[in-house]
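Atom set for the values below is all heavy atoms of this structure, side chains included, hydrogens, waters and symmetry mates excluded. Here the structure is a predicted model, which means the values were calculated and not measured. Chain letters run A, B, ... following the sequence lines, proteins first and then strands; every chain starts at 1.
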2 protein chains.
Amino acid sequence: MKEISVKNKVKITRIEKGKMTQIELANLVGVTRQTMNLIEAQKYNPSIRICLLIARFLEKPLDELFWIDD
Amino acid sequence: MKEISVKNKVKITRIEKGKMTQIELANLVGVTRQTMNLIEAQKYNPSIRICLLIARFLEKPLDELFWIDD
DNA sequence: GTATCTTGTAATTTATAATTGACATTTGGA
DNA sequence: TCCAAATGTCAATTATAAATTACAAGATAC
């Protein structure tokens, strides 16, 4: 069981942002919906490239979307 | 030859920040100096966890240190 | 000019991110 | 209530980040 210390608020931000679905955001970013689902569920550590693309499409700064939970 | 579109200013920020060496920053973050070297050279896409730790120790926001070059 | 610390890089291995395909459950609208 | 879209999750594979070991090139101090 791997412990992931990086937290995010991608899911609530996506939903707040209108009716964008996981699939739509995944397509915009260029990942599969499974990957987006795991990111939203905070099951692992995505790459900075994916995080930057998510931040771009959700129109939020990185630091607001991702942080370390310690 | 893999093209990495994520740019960063980790190296100049580290040097500006005093006399911190690559090895010291790598140790703080908890990666090897080779990994830190590759990140500074923008040879690949690090994880958000590593980027958050770098930002913490360099005392800069993520968005200031990492961006997408397109 | 030589010893030492720092950095760049390369080849190999290991860990894990990300994909693919599939199925079950939940949600919301007609 | 029924149907379809959206989400959660799993197992297996592929791609790539990160570690390890090692050596060479620059820099700095003596």
Side-chain angles (χ1 to χ4, degrees):
Chain A
M1 195 56 144
K2 201 39 201 358
E3 205 52 51
I4 299 298
S5 58
V6 175
K7 301 295 180 186
N8 74 69
K9 49 176 177 180
V10 172
K11 181 166 193 167
I12 56 176
T13 307
R14 172 177 58 80
I15 293 169
E16 277 171 6
K17 183 137 197 82
K19 295 252 174 233
M20 189 185 300
T21 67
Q22 264 185 12
I23 297 175
E24 287 170 336
L25 180 56
N27 288 342
L28 283 171
V29 169
V31 295
T32 62
R33 72 169 192 85
Q34 288 85 342
T35 294
M36 189 58 63
N37 190 292
L38 287 169
I39 291 169
E40 290 192 350
Q42 305 180 140
K43 295 286 181 60
Y44 65 32
N45 234 339
S47 69
I48 185 70
R49 203 181 77 84
I50 289 178
C51 294
L52 281 163
L53 290 168
I54 291 171
R56 164 182 297 181
F57 293 118
L58 294 183
E59 298 177 292
K60 294 280 184 186
L62 266 184
D63 301 88
E64 207 173 299
L65 285 175
F66 300 93
W67 66 92
I68 292 178
D69 183 52
D70 42 19
Chain B
M1 194 56 144
K2 203 35 203 0
E3 204 52 52
I4 299 297
S5 57
V6 176
K7 302 295 181 186
N8 73 71
K9 49 177 177 180
V10 172
K11 180 167 192 165
I12 55 177
T13 306
R14 172 176 59 79
I15 292 168
E16 278 171 6
K17 182 136 198 81
K19 294 257 175 227
M20 189 185 299
T21 67
Q22 262 185 12
I23 297 175
E24 288 169 336
L25 180 55
N27 288 342
L28 283 171
V29 170
V31 295
T32 63
R33 71 168 193 83
Q34 287 84 345
T35 294
M36 189 57 63
N37 190 291
L38 287 170
I39 291 169
E40 289 192 351
Q42 305 180 141
K43 295 288 180 60
Y44 64 32
N45 234 338
S47 69
I48 185 70
R49 203 183 76 86
I50 291 178
C51 294
L52 281 163
L53 290 168
I54 291 172
R56 165 182 296 182
F57 293 118
L58 294 182
E59 298 176 293
K60 294 278 185 187
L62 266 183
D63 301 271
E64 208 173 299
L65 285 174
F66 300 91
W67 67 91
I68 292 178
D69 182 51
D70 42 24

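For B:E64, the salt bridge (Lys or Arg N to Asp or Glu O under 4.0 Å) partners at least two apart in sequence or on another chain are B:K60. Partners of A:R33 according to the salt bridge (Lys or Arg N to Asp or Glu O under 4.0 Å) rule, which considers only residues two or more places apart in sequence or in another chain, do not exist here. Not a single salt bridge (Lys or Arg N to Asp or Glu O under 4.0 Å) links B:K9 to another residue, sequence neighbours left out.
With the nearest nucleotide of DNA chain D identified for both A:N37 and B:I39, A:N37 has the one nearer the 5' end. Mapping B:S47 and B:Q22 onto DNA chain C by nearest heavy atom places B:Q22 at the nucleotide closer to the 5' end.
Rounding to whole angstrom units, CD of residue A:E40 and C1' of D:dA6 are separated by 11 Å. In this structure, A:N45 places its CG atom 11 Å from C1' of D:dA17, rounding to the nearest Å. One atom, CD of A:E24, and another, C1' of D:dA5, lie 11 Å apart when rounded to the nearest Å.
B:R49 has no side-chain polar atom (N or O) that falls below the 4.0 Å cut-off from OP1 or OP2 of C:dA15. Taking 4.0 angstrom as the limit, A:K11 places none of its side-chain polar atoms (N or O) nearer than this to OP1 or OP2 of D:dA6. A close approach under 4.0 Å does occur between a side-chain nitrogen or oxygen of B:K43 and OP1 or OP2 of C:dT9.
When each of B:I12, B:V10, B:V6 is checked for a side-chain contact (heavy atoms from CB on, under 4.5 Å) with B:N8, only B:V10 meets the rule.
Across its full length, the helix from C:dT6-D:dA25 to C:dA30-D:dT1 shows an angle of 60° between the axes of its 5 terminal pairs at either end, rounded to 10 degrees.
Between A:Q42 atom CD and A:S5 atom OG the span is 10.5 Å, to the nearest 0.5 Å.
With A:R14 contributing its side chain and A:L58 its backbone, the two residues share no donor-acceptor pair below 3.5 Å.
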Inset, instruction - Sugar-phosphate atoms are those with a prime plus P, OP1 and OP2; base atoms are the rest. Using that split, label each nucleotide of nucleotides 19-29 of chain C B, S or - for protein heavy atoms under 4.0 Å, 5' to 3'. - result: BBBBB------
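Of all heavy-atom pairs between A:A55 and A:L65, the closest is CA-CD1, 3.6 Å.
Sorted by first and then second residue, the side chain to side chain donor-acceptor pair (under 3.5 Å) pairs with a member in residues 21-32 of chain A read A:Q22-A:N37, A:Q22-A:E40, A:T32-A:T35; sequence neighbours excluded.
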